[in-house]
Every structure is written in C-alpha cells, then in structure tokens.
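Computed from heavy atoms alone, side chains included, the values below leave out hydrogens, waters and symmetry copies. What you see is a predicted model, and the numbers here were worked out from it, not measured in a lab.
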Amino acid sequence: MGLDLLDRTELDRLTTRRWFLRYCYAPEEIERAHRLTGRRRQEYLAGRFAAKEAVLKALGRGLFQGVAPRDILVGRAAGGAPHVELRGSAAQAAPGATVLISITHKGDAVAAVALTVPRDDIPRDDIPRDDIPRDDIPCDDISRTHDEEERRAS
C-alpha cells in the first residue's frame, strides 16, 4: 500500500519545465492537462502526481528508483473511477499485479492511496447493483469525488 499527500500548488514551478512533464506524466495525461486551465489544471497534475507517488510506494520504490512515473498512467475506468495502467518499467516492477487507486482533493490538499493486488484478486465491477445491500448507502451530503468533479469540468 502507498499513500501520498501534497498541496496542489507544490508542483507549479516544476510543471513549467518540459522535462518534468515528460518524466512524470504519460502522453495522454499531458494532453489532458493542456486542455485544462488554472486551478483545474493544478488539481489534475497534482492529483496524478500524488497517485504516481502512491503507486511507487506500493511497489516499494521511490521517485528515482528504476520506475519512471510516466510509465504509470492514471486514467479513468468506464464507470469513472480512477484506474492505473502500468507500462514499461512500472509493469516490469509489478509482474502479475494490478494497482487499485483512490485520489481525493479538499481545498488545497491532494491525496492518493494505492494498493497492489494479485491480478486474480481484482474486485469485479460486474456485480449486479441490485445485489448490493442498501443499508450501507451513505448520506446525500457526502462530498463529490475527484472524478465526479473532473467529469463536470470536462
């Protein structure tokens, strides 16, 4: 398991440097960031960076310890939840594993948690929704998730 927390503005100076963007972000993430502006772009890049740091920690690695962060693509699954795709050096560091991720934003804080699991233990998203017990549904005033906010910003 890995956890990372940062302020959304921590990367402002670094994200103006092309080498940093190319080292830390997959091409798809850079393309998405270029379509965003201002605070939303900051949140997006900070959230992805926190997610990558959490994944690296879950893999037992540090930022410059053999896995390029750009090889960790943080996208969205069909249902909108964050999804991690390991490529290149990241895939080699975790053969037979899948990474589950959660990203959250509150004010200027950005946090991410990653968990590596064997591929055979991946939670399935094909469970019929009628089979989910309804007494565990949270109150309506729960804060929106990062991905719901991202969909609204798109």
Side-chain angles (χ1 to χ4, degrees), residues 1-127 142-154:
M1 184 168 80
L3 168 69
D4 195 61
L5 172 69
L6 63 122
D7 184 284
R8 73 174 170 80
T9 64
E10 282 184 60
L11 301 176
D12 284 354
R13 185 177 54 80
L14 289 170
T15 56
T16 63
R17 300 197 169 124
R18 293 179 63 198
W19 70 265
F20 180 79
L21 289 174
R22 284 192 313 266
Y23 178 72
C24 288
Y25 300 95
E28 299 92 327
E29 294 166 326
I30 294 171
E31 181 182 320
R32 172 78 174 131
H34 285 303
R35 293 192 313 255
L36 301 170
T37 59
R39 183 181 174 109
R40 185 63 200 112
R41 184 174 191 268
Q42 276 181 324
E43 289 173 344
Y44 176 82
L45 291 171
R48 291 317 190 255
F49 188 81
K52 291 164 186 284
E53 284 272 23
V55 170
L56 287 169
K57 291 172 184 175
L59 296 176
R61 305 292 179 101
L63 186 58
F64 298 104
Q65 294 181 334
V67 175
R70 72 176 166 268
D71 287 343
I72 303 167
L73 172 65
V74 182
R76 283 191 288 181
H83 172 6
V84 172
E85 178 185 331
L86 301 178
R87 301 170 169 176
S89 60
Q92 292 173 359
T98 293
V99 179
L100 304 176
I101 190 87
S102 180
I103 306 168
T104 190
H105 300 262
K106 183 163 186 154
D108 288 337
V110 179
V113 176
L115 178 67
T116 58
V117 294
R119 283 205 178 100
D120 295 339
D121 292 346
I122 300 170
R124 293 182 21 211
D125 194 31
D126 60 353
I127 300 169
I142 297 272
S143 298
R144 293 179 308 223
T145 65
H146 163 72
D147 287 327
E148 289 172 339
E149 291 175 6
E150 190 172 304
R151 279 194 298 277
R152 286 186 182 101
S154 297

Review point. Which atom names give the shortest non-hydrogen contact between Ala54 and Ala112, and what distance separates them?
Key: CB-O, 3.6 Å
Check your understanding: By side-chain contact (heavy atoms from CB on, under 4.5 Å), which residues pair with Arg70, not counting sequence neighbours?
Key -> Tyr23, Ala68
Check your understanding: From Leu14 CG over to Trp19 CH2, what is the distance, rounded to the nearest 0.5 angstrom?
Key -> 6.0 Å
Revision key, fill the gap. The salt bridge (Lys or Arg N to Asp or Glu O under 4.0 Å) partners of Asp4 (sequence neighbours excluded) come to Lys57
**Study point:** Expected output: side-chain Asp71 to main-chain Gly88 donor-acceptor under 3.5 Å
**Key:** no
Study note, to complete from the structure: Correct closest heavy-atom pair for Thr16 and Asp12 would be CG2-O, 3.5 Å
Review point. Mind checking what makes side-chain contact (heavy atoms from CB on, under 4.5 Å) contact with Val113, not counting sequence neighbours?
Key: Met1, Leu3
Practice item. Mind checking side-chain contact (heavy atoms from CB on, under 4.5 Å) for Thr15 and listing every partner two or more places apart, or none if nothing turns up? Key: Leu11, Phe20, Leu21, Arg41, Leu45
Review point. Which pair of non-hydrogen atoms, one from Val74 and one from Ala51, has the smallest distance, and what is that distance?
Key: CG2-CB, 3.9 Å
Revision key, fill the gap. When rounded to the nearest 0.5 Å, the distance separating CD1 of Ile103 from CZ of Phe49 is 13.0 Å
Practice item. Specify the closest pair of heavy atoms between Ala111 and Leu5, including all atoms of both residues, with the distance to one decimal. Key: CB-CD1, 3.9 Å
Point to revise | Listed partners of Asp108 passing salt bridge (Lys or Arg N to Asp or Glu O under 4.0 Å), at least two apart | key: Arg8, Arg39
**Study point:** Minimum heavy-atom distance Leu86-Ala91, with the two atoms named
**Key:** O-CB, 3.7 Å
Check your understanding: For the side chain to side chain contact (heavy atoms under 4.5 Å, CB included) test, which of Glu43, His105, Arg48 pairs with Val110?
Key -> His105
**Study point:** Residue pairs passing the salt bridge (Lys or Arg N to Asp or Glu O under 4.0 Å) test where at least one lies in residues 17-30, sequence neighbours excluded
**Key:** Glu28-Arg87, Glu29-Lys52
Review point. Between Ala90 and Leu59, which heavy-atom pair has the shortest distance, and what is it?
Key: O-CD1, 4.4 Å
